[in-house]
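All values below come from the heavy atoms of this structure, side chains included, with hydrogens, waters and symmetry mates left out. Below, read A as the first sequence line, B as the second, and so on, with proteins coming before strands; counting in each chain starts at 1. Source: prediction; values computed, not measured.
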Amino acid sequence: MDARSEHVAGHLLAWYDRHARTLPWRAPPGSPAPDPYRVWLSEVMLQQTTVAAVKDYFAKFTTRWPTVADLAAAEDAEVMAAWAGLGYYARARNLLACARAVAESGGSFPDSEDELRKLPGLGVYTAAAVAAIAFGRRAVVVDANVERVVARLFAIDAPLPGGRTEIRAATDRITPDARAGDFAQAMMDLGATVCTTRNPRCLLCPLSGDCTGYRAGEPERFPVKAPKAAKPHRQGRAFWIVRNEKVWLVQRPGKGMLGGMRALPDDGWSARGDGSGEGPIAGPWTPGGAVQHGFTHFTLDLHLALYSGSEVVSLPPDAGEWWSLDRLEEAGLPTLFAKAARLGLAAMGETDR
DNA sequence: TACTCGTGGGA
DNA sequence: TTCCCAAGAGT
């Protein structure tokens with residue numbers, strides 16, 4: 001490692017010793033590594049997700065499933081419902097697949113980056129992070145925080161995503177052999193609290209003396225990103241069908257949007273187009289209001305249709321389930337459908353009681 | 001490579 | 001309000 005890199009790593013670790021955030025899944029700086037199960041679980045939850053959003057879910061999962069063996073033994077539906085609201089549901093499916101793979105191969109996580117990378121849900125970032133944080137292995141850990149810190153530190157102009165190659169090489173250069181986990185977490189803490197996307201606190205930064213972006217007077221210009229496409233706006237319909245104080249819920253297909261989650265029946269809306277308007281039965285329907293929901297790549301107006309027929313509805317049992325209205329919170333509906341269900345309950349309050 | 005895949009918070 | 005973004009992975 002060259003002198004500048006050693007200097008950077010030393011300053012950063014000294015800063016981390018004083019300013020590390022205290023987080024439920026983290027060991028204090030310099031102390032023994034935490035349980036790999038907890039490190040892995042937190043890293044998966046934190047993928048594209050803020051610390052604030054993860055905290056309650058992490059507590060819930062570790063209380064309910066204290067070890068990877070406990071999680072591996074859980075029912076799919078239980079885990080999916082527990083994940084409801086956190087988003088990116090493929091993570092929950094892969095979480096279970098990973099827990100079961102680990103449980104079947106002896107119950108311990110592999111301690112090398114290469115082996116970790118083979119597990120479902122562990123990509124380049126997460127495998128490196130777990131290797132470093134849980135096992136003290138030197139690994140090049142690059143998340144969005146590190147990208148920002150490094151792009152500013154070296155004033156890397158190449159726009160993302162292409163510029164990631166250069167950023168990774170630069171990160172490799174400043175990554176020390178010792179205290180691998182602390183270094184990775186220090187970079188992420190710095191990015192989260194000092195080297196922030198907007199209004200970076202350069203006067204408080206331990207690396208400002210080494211930072212080319214700061215010296216040039218425009219740290220916020222980095223990292224350069226390619227412009228994004230506009231989000232389309234879609235229309236869809238969900239159906240609120242009640243019988244004997246129970247509502248009809250379906251399970252969505254295992255892949256794709258909200259895959260594997262319990263949901264209200266809908267008309268097949270997607271990122272690519274509006275729904276057909278057709279429901280699982282003929283109706284008649286009464287308008288029950290609409291909710292707007294923003295996904296990563298499109299915005300959806302979901303209109304709720306209330307069944308208003310006088311006949312008692314019959315539906316094929318293998319297509320869904322009648323779910324008690326007073327236990328609706330336990331169904332684990334993703335946020336979009338939880339919003340729609342609130343409309344349905346409100347509409348019933350106006351008419352029934 | 002470029003898409004797809006959630007959600008809530010901040011500016 | 002609207003846009004951007006956050007400890008990315010899978011295909």
Contacts to DNA chain C from residues 13-37 of chain A, heavy-atom cutoff under 4.0 Å, which residues?
-> A/R21, A/L23, A/W25, A/R26
Would one find a side-chain N or O of [X] under 4.0 angstrom from OP1 or OP2 of [N]?
X	N	answer
A/R148	C/dA6	yes
A/T335	B/dG8	yes
A/T126	C/dA9	yes
A/Q48	C/dG8	yes
A/Y88	B/dT4	no

Would you please indicate yes or no on a ring centroid separation below 6.0 angstrom for A/H297 and A/F295?
-> no
How about A/C202 and A/P219: do any of their side-chain heavy atoms sit closer than 4.5 Å?
-> yes
Have a look at A/V124 and say if it touches a base, only the backbone sugar-phosphate, or nothing, with a 4.0 Å heavy-atom cut-off.
-> sugar-phosphate
With a non-hydrogen cut-off below 4.0 angstrom, is A/A144 in contact with a base, only sugar-phosphate, or nothing?
-> sugar-phosphate
Listed pairs, N/O of protein and of nucleotides 2-4 of chain C, under 3.5 Å:
none

Give me the residues of residues 260-268 of chain A where at least one heavy atom lies under 4.0 Å from an atom of DNA chain B, by number, or none.
-> none
Does the B/dG9 base have a donor-acceptor partner in the side chain of A/T50 within less than 3.5 Å?
-> no
